[in-house]
Amino acid sequence: MPELPEVETVVRGLAPALTGARLLAIEALFPEQLEGPPALYQRASGALIEGVRRKGKYILLDLVPPAGARQQKSAPRHLRLMIHLGMTGKLLLSKASEPLEKHTHAILHFRRSGGSGQLRYVDPRRFGRFVLGAAGAESDPERLVAGGREPLEIDAAEMAALFHGRSGPIKNLLLNQNLLRGLGNIYADESLFRAGIHPRARRLSRPRLYRLHGAVREVLAEAIAAGGSSISDYVGSSGEKGWFQVRHRVYGRTGEPCLRCGTPLRRVVLAGRSAHFCPRCQKQK
DNA sequence: ATGCTACCCTGGCAGC
DNA sequence: TGCTGCCAGGGTAGCA
């Protein structure tokens, strides 16, 4: 399940291959899954891929259409493609000769100095999104990105201020993309364990919020360095697996002994998601 | 504003 | 062996 570290890994894999490349066409194999006006998909043909970015769990491709397409009246100058991987989405750099994976919904054909290639968008469960729109316009898909802060950019005092006065369980707050964007179930649970905070804890004191801030940064940085967590079927843009899952201390370990104190780990449901925690190491107050 | 539940969807697995 | 049923959860809609 791609969260910030997985999406960051994908973007780091895509950027060198796609930045400066020419998008030849977007081939729609399952058009129902692709959002945005069909005319824009036409206009994207021949566009320069100016950049590949991550914002929260979203991947953004900035596209500059060729001059001819740009000069049409009312035609937007720049286009933007936004991809959210949902639970099972993948973006794979492939050669045309490689066999198509099941549930491939779109193929981006591109060409660069080194030759031609494909970027394939695969999403069996279709929880992901693939949206093309005009940059800066009403339809700009970047507007769909939640307004939370980047957890690796916010400092401890800012995060404490952001969370202060919120009444909900801390786990719910960590999953709220309008506060911090990029944390999902795995890294929220892992961060809370490292900070010694119970997922149901509310109205955390300032020192505990500072500790949580440090834990979030630490977990995300380690996970990015490890190439993300390959649970379910996550892989990077070259099909490579991450290995942070072997360092998970609570996620998916219900009933197993806590690595710190040996107490069996427990699971409760919060915000409709499983929260994994150590009942002894993680305190409500 | 806030917080819940339901829903979208397929693959993997347990149980019979 | 093959079927059924349940579970995983990111994000959003609809409701209290």
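First the proteins, then the strands, lettered A, B, ... as listed; each starts at 1. None of these values were measured; they are calculated from a predicted model.
Rounded to an integer number of Å, the gap from A:Asn176 CG to B:dT2 P is 9 Å. Rounded to whole angstrom, the span from the CG atom of A:Leu173 across to the P atom of B:dC4 amounts to 11 Å.
Under 4.0 angstrom from either OP1 or OP2 of B:dC9 there lies no side-chain N or O belonging to A:Thr88. Listed pair A:His103 / B:dG11 meets the phosphate criterion, a side-chain N or O lying under 4.0 Å from OP1 or OP2. OP1 or OP2 of B:dT10 has not a single side-chain nitrogen or oxygen of A:Lys102 nearer than 4.0 Å.
In terms of position along DNA chain B, the nucleotide closest to A:Ala271 lies nearer the 5' end than the nucleotide closest to the other residue of the pair A:Ala271 and A:Arg126.
The pair A:Glu101-A:Arg120 does not meet the salt-bridge criterion, since no charged nitrogen lies less than 4.0 angstrom from a carboxylate oxygen. Under a 4.0 Å N-O distance rule, the pair A:Glu8/A:Arg12 qualifies as a salt bridge.
The residue from A:Glu153, A:Glu142, A:Glu150 that alone fulfils the salt bridge (charged side-chain N to carboxylate O under 4.0 Å, His left out) condition with A:Arg54 is A:Glu150.
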Summarise how protein sits on nucleotides 9-16 of chain C as a single string, 5' to 3': B when a protein heavy atom is under 4.0 Å from the base, S for sugar-phosphate-only contact, - for no contact.
-> BBBS----
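Rounding to the nearest 0.5 Å gives a distance of 10.5 Å between CG of A:Leu204 and NE2 of A:His164. A distance of 9.5 Å separates CZ of A:Arg208 from CG of A:Leu192, quoted to the nearest 0.5 Å.
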Tell me, what's DNA chain C's dot-bracket, Watson-Crick or G-U with both distances under 3.5 Å, | for other-strand, [ ] crossing?
-> .|||||||||||||||
